[in-house]
Chemist: 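The structure under discussion is supplied below as structure tokens; questions concerning it will follow.
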Amino acid sequence: MSTATPERLHRETAVVRCLDGDHTLVLTDRETVAERLLRTSRKHSFDPDTDVDWAAPQDPDVFYLPPVLASLYETPLWEGLTHRQRVELTRRELCSIASFGIWSEMLLMQALVQHAYRQRFDSGHVAYALTEIADECRHSVMFGRMVRTCGLRTTRPNALQYGLGKFANTVYDPLVKFAGTLVVEEFTDSFQRLTFPDESLQPMVRQVTRIHVIEEARHIKYAREELKRLVATASAPRRRFAAAGLAHATKLMASQVVHPSAYAAVGLDPRVARRAAAASPHRRATMAWAFRKCTAFFEEVGFLDGRARGIWVNAGLLE
Ligand SMILES: [Fe+2]
Ligand SMILES: [Fe+2]
């Protein structure tokens, strides 16, 4: 009698030819993955309206993000700030990241609709894509409410990013979209995994980030499994071209994730502050750390192959 589990029966392997040799990927059947993720979604989903204490008092001396995640931490500019200014900077940076989160979730929701539109509507794969869209809808509403509860308004990406986002919505390119999803989800996940368990931070922020970490874990799984399937059938030039394009977009995104108004609010020249953050060894190490799971996975599936790796390294996002 066979001892293989039903899931094992739905696995196969694919070989991706990279410049540094062959990479073998284990592919799991789409429906098997989808059913598992749907089960998790049924068990672990939240309603931010009732699962976050929006009225929790906000102590003005309590940080909104762990200070180590502030873009200027350990720079001379940070040393020159008072405690209250440092708290203010973390409040502004948190809301910048949340605004960026809403923008990227809007792009992801559109990509998931485009993806689901092309599949069998009654499949588990589509049911899960629609479930994920519902998750992202709640997240975007939750992030908007968090920003307002912090006493601020959301910021917009700069004109170039905003325009690129609009253009990206006009094309269906799952290879780039699922890889881009991982870039954003793995990066924010690293920041949030450091935030929600930290009892010295604002309670409301801890609750919001906890919900996001739990619900995003399945999104990351879905994107990873889909990206492996897509990479397995893409030609090497197509894969390398997509990987290099995404590396450029990531470099742009990482440099813009803190809105200039965050620096101005604590009396700093935004251009000087942005340069200080870009040159800071601590910040570079933090960003490379935040992307480490994403870059390790990209390495595995041949998405750092070719020019992409150099772009990631040059951007300070890969050591
Ligand atoms: Fe989300
Ligand atoms: Fe997500």
Side-chain angles (χ1 to χ4, degrees), residues 33-34 36-49 51-52 54 65 69 93-116 124-150 154-155 157 161 165 168-169 174-196 204-228 230 246 249-250 253-254 257 290-291 293-294 297-298:
V33 171
R36 203 184 307 154
L37 296 176
L38 281 166
R39 272 200 304 275
T40 316
S41 307
R42 277 179 214 118
K43 253 195 265 169
H44 304 290
S45 288
F46 296 86
D47 175 2
D49 269 344
D51 292 328
V52 176
W54 297 104
L65 273 179
L69 296 182
E93 292 202 11
L94 169 79
C95 292
S96 278
I97 297 170
S99 302
F100 165 78
I102 296 172
W103 174 76
S104 53
E105 283 175 345
M106 284 187 182
L107 294 179
L108 170 60
M109 286 187 268
Q110 297 179 68
L112 287 172
V113 169
Q114 288 179 325
H115 185 64
H125 189 66
V126 165
Y128 179 75
L130 297 174
T131 304
E132 184 165 318
I133 293 166
D135 288 351
E136 299 296 17
C137 270
R138 295 194 306 279
H139 294 169
S140 287
V141 174
M142 173 173 78
F143 287 148
R145 186 166 178 186
M146 179 180 77
V147 172
R148 295 297 292 262
T149 306
C150 286
T154 48
T155 49
Q161 262 182 307
N169 280 332
L175 184 63
V176 172
K177 299 281 175 82
F178 279 105
T181 299
L182 278 176
V183 163
V184 175
E185 290 184 339
E186 299 268 24
F187 159 75
T188 48
D189 191 66
S190 298
F191 270 43
Q192 293 175 341
R193 276 180 194 271
L194 214 57
T195 303
F196 83 79
M204 180 265 294
V205 176
R206 294 184 57 210
Q207 292 162 14
V208 166
T209 48
R210 179 175 166 273
I211 289 175
H212 203 247
V213 164
I214 294 172
E215 296 192 340
E216 286 294 318
R218 53 190 184 245
H219 300 185
I220 290 172
K221 178 75 180 162
Y222 187 68
R224 281 183 173 217
E225 292 300 323
E226 197 58 22
L227 186 61
K228 281 197 286 183
L230 292 160
L246 185 68
T250 305
M253 179 276 280
V257 77
F291 281 111
K293 289 185 195 163
C294 178
F297 180 73
F298 279 1

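Side chains included, hydrogens not; waters and symmetry mates left out as well; all remaining heavy atoms used. Each ligand, and each atom within it, is numbered from 1 in the order the structure gives.
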Chemist: Using modelled atom types and a 3.5 Å cut-off, is there a donor and acceptor pairing between side-chain atoms of Glu105 and backbone atoms of Ser140?
Modeler: yes
Chemist: Strictly under 2.8 Å, is any N, O or S atom of Glu136 next to the Fe ion (ligand 1)?
Modeler: yes
Chemist: Testing Gln207, His139, Met146, Arg138 one by one against Pro48 for a side chain to side chain contact (heavy atoms under 4.5 Å, CB included), which residue passes?
Modeler: Arg138
Chemist: Is the Tyr222 to His125 ring centre distance short of 6.0 Å?
Modeler: yes
Chemist: If you stand at the Fe ion (ligand 2) and look out to ND1 of His219 and OE2 of Glu216, what angle do those two lines make, to 10°?
Modeler: 90°
Chemist: So, of the N/O/S atoms that Glu185 has, which is the nearest one to the Fe ion (ligand 2)?
Modeler: OE2
Chemist: In His139, what N, O or S atom is nearest to the Fe ion (ligand 1), if we give its atom name?
Modeler: ND1
Chemist: Does atom CZ of Arg145 have more than 12 heavy-atom neighbours, drawn from other residues, nucleotides or ligands, at distances under 6.0 Å?
Modeler: yes
Chemist: Any chance the rings of Phe196 and His212 have centres within less than 6.0 Å?
Modeler: no
Chemist: In Glu105, the N, O or S atom nearest to the Fe ion (ligand 1) is which?
Modeler: OE2
